[in-house]
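Report on the structure given below.
Hydrogens, waters and symmetry mates play no part in the numbers below; they use all other heavy atoms, side chains included. Nothing fancy with the numbering, it's 1 onward along the sequence. The structure displayed is predicted, hence computed values, not measured ones.
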Amino acid sequence: MSRTAARTRVPLAALSLASVSALFLAGCSQSSNASQSTGDRAASAAAATGKKPAPFSKGNVKVALVRQSGAGDYFEQWGNGAKAQAKALGIDLTVYDAQADNAKQATDLSSAINSGAQAIVVDHGFPATIQPEIDQAVKKGIKVVVYDVETTNKSVVSTKQDDASMAQAVLDVMAKDLGKKAKVGYVNVAGYAALDKRDSVWKKTADAHGWKQAFKVGKVTDSTATDNVPLVSAALTQNSDVTGVFAPYDELAKGTVLAVQNKKLQGKVKVFGADVSNADIQNMTAKDSPWVATAGTDPSAVGAAVVRTAALELAGQLNTTSVEFPAVAITQDFLKQNKIENMDQLRTALPALNLSKVSTADWIPNVAH
């Protein structure tokens with residue numbers, strides 16, 4: 001989305017695209033402690049060797065994390081990584097989560113501005129709603145780092161998954177599996193930054209390989225996976241001869257998988273998704289799963305890297321206004337051959353997921369995933 005968003009990330013990530021997406025009901029939680037998600041070991045931090053610069057040399061640094069999270073464990077892992085890195089840095093982190101309520105996120109951002117936070121991290125959100133508050137934070141001298149949020153303020157540090165690389169990585173696998181002139185389906189939603197970027201790559205790739213797009217369906221709701229099952233099922237009823245479906249957000253991919261299985265087409269139709277999480281791995285490795293490939297970043301590593309980016313910006317050491325996190329392709333065959341059942345095992349098997357060298361310095365205790 002990924003697991004991105006013009007409105008919110010879609011893991012998509014995350015959307016993790018990302019978002020950035022299927023969202024929970026509105027609510028707000030505040031915490032300064034890292035938590036541990038199911039199937040994901042607690043993060044530990046490698047000791048820092050350098051001398052802390054200001055403001056970290058003066059004690060705890062107050063930072064606010066203003067989130068617009070969504071359904072699925074991508075968002076939980078992203079948050080856990082951010083909290084663990086904040087704790088390791090001695091950051092007093094206050095977390096706000098609007099969970100699908102755009103107006104509430106604007107209110108949360110205003111609260112963060114008035115809380116005395118020295119920096120604010122904005123994780124997904126609808127730009128039209130939160131841009132005024134972002135501008136206000138910058139005007140007050142607060143450092144602002146956004147993740148998968150499109151912003152027009154040039155003083156803001158933008159971080160994001162490389163959604164183009166995410167789409168291209170999985171589409172390269174799709175091209176190898178399906179070949180030229182294949183009849184394919186597409187499950188996506190317009191209006192989300194991450195998904196729009198993935199869509200651009202899809203169009204170029206589909207055109208380059210002469211694929212015939214038989215259908216395009218998709219929607220984002222508070223139950224994205226479930227709500228896309230009837231849409232994809234109906235499309236497959238009319239186009240049961242497609243050989244592959246691209247669904248570039250893991251919640252869309254989950255719904256597509258269920259639809260393919262409901263239509264008993266898992267031996268004929270391959271699903272190509274995006275984003276990766278514990279649940280996605282379990283889905284891909286399940287018996288007779290049609291989900292054969294995805295691409296993604298490690299959401300926990302991304303959350304931690306975004307917090308490190310904010311720390312470097314606070315210390316005056318970032319020297320850039322844009323940080324991107326590249327994605328890697330992950331196939332069903334690779335997962336099964338290496339007996340991978342969760343993100344911990346995937347991190348070990350795919351070192352490319354480790355972002356320990358992104359946005360770091362010798363004074364930063366780097367969270368290990």
Side-chain angles (χ1 to χ4, degrees), residues 1-3 7 10-15 17-19 21-23 70-72 163 166-167 170-171 173-192 194-275 279-280 283-284 286 288-295 332:
M1 153 70 141
S2 343
R3 139 163 345 284
R7 280 173 279 180
V10 287
L12 150 168
L15 14 230
L17 124 75
S19 296
S21 58
L23 299 173
D163 288 292
M166 178 177 291
V170 72
L171 286 172
V173 178
M174 187 171 177
K176 183 177 180 181
D177 283 3
L178 302 186
K180 300 283 187 178
K181 301 186 182 304
K183 187 174 181 179
V184 298
Y186 187 35
V187 183
N188 200 0
V189 182
Y192 295 81
L195 294 185
D196 289 344
K197 291 172 185 175
R198 298 174 196 186
D199 177 68
S200 295
V201 178
W202 161 256
K203 289 176 179 175
K204 292 177 184 177
T205 304
D207 183 63
H209 292 281
W211 291 340
K212 179 183 178 182
Q213 182 177 303
F215 63 82
K216 179 184 177 183
V217 297
K219 63 181 178 180
V220 170
T221 69
D222 59 356
S223 301
T224 296
T226 301
D227 290 344
N228 276 276
V229 175
L231 299 179
V232 182
S233 293
L236 289 172
T237 297
Q238 299 297 320
N239 303 278
S240 61
D241 57 341
V242 298
T243 56
V245 179
F246 182 45
Y249 164 35
D250 57 355
E251 294 301 309
L252 293 174
K254 290 173 187 176
T256 302
V257 166
L258 287 171
V260 170
Q261 292 171 332
N262 287 347
K263 303 302 293 184
K264 302 188 186 306
L265 293 171
Q266 54 264 47
K268 299 178 180 179
V269 179
K270 295 180 177 180
V271 177
F272 300 83
D275 307 308
D280 297 340
N283 198 314
M284 290 178 70
D288 298 326
S289 172
W291 190 350
V292 298
T294 192
Q332 183 186 75

Practice task
Report the C-alpha distance between S233 and K263 in whole Å, list the side-chain angles of each, state the deciding distance to 0.1 Å, and finish with yes or no for side-chain hydrogen bond (donor to acceptor under 3.5 Å, both in side chains).
Solution key: CA-CA 7 Å; S233 293; K263 303 302 293 184; over 6 Å; no

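Counting heavy atoms from C-beta outward, V229 and K254 have side chains that stay 4.5 Å or more apart. At a threshold of 4.5 Å between non-hydrogen side-chain atoms, the residues V271 and V260 count as touching. Contact of the V189 side chain with the Y249 side chain is not registered, since no non-hydrogen atoms from C-beta on lie closer than 4.5 Å.
With values rounded to the nearest 0.5 angstrom, D163 atom CG is found 8.0 Å from D275 atom CG. Summarising the geometry, atom OG1 belonging to T226 is positioned 8.5 Å from atom CD belonging to E251; distances are rounded to the nearest 0.5 Å. Interatomic distance, CG of D250 versus CE of M284, reported as 11.0 Å (0.5 Å rounding). With rounding to the nearest 0.5 Å, the separation of OG1 in T256 from CD in Q261 is 11.0 Å. Atom CZ of R198 and atom CG of N188 lie 8.5 Å apart (nearest 0.5 Å).
At least one donor-acceptor pair under 3.5 Å links the side chain of S289 to the backbone N or O of N283. At least one donor-acceptor pair closer than 3.5 Å links the side chain of D196 to the backbone N or O of G191. Side-chain atoms of D227 do not come within 3.5 Å of backbone N or O of V220 as any donor-acceptor pair. Looking only at distances, no side-chain donor or acceptor of Q266 sits under 3.5 Å from a matching main-chain atom of P290.
Nearest heavy atoms, W291 versus G273: NE1-N, 3.4 Å. Here the closest non-hydrogen pair linking A214 and V242 is CB-CG1, 3.8 Å. The shortest non-hydrogen separation linking V187 to G218 is CG1-CA, 4.1 Å.
W211 meets the ring-ring contact (aromatic ring centres under 6.0 Å, His included) test with W202, H209; sequence neighbours excluded. The side chain to side chain contact (heavy atoms under 4.5 Å, CB included) test applied to A235 returns F215, V217, not counting sequence neighbours. Applying the side chain to side chain contact (heavy atoms under 4.5 Å, CB included) test to K203 and every residue at least two apart in sequence or in another chain returns D199. Taking the side chain to side chain donor-acceptor pair (under 3.5 Å) definition, one finds that K268 meets it with nothing, sequence neighbours left out. For L178, the side chain to side chain contact (heavy atoms under 4.5 Å, CB included) partners two or more places apart in sequence, or in a different chain, are M174, A182, V184, T243, F272.
The list of salt bridge (charged side-chain N to carboxylate O under 4.0 Å, His left out) pairs with a residue in residues 231-244, not counting sequence neighbours, reads K183-D241.
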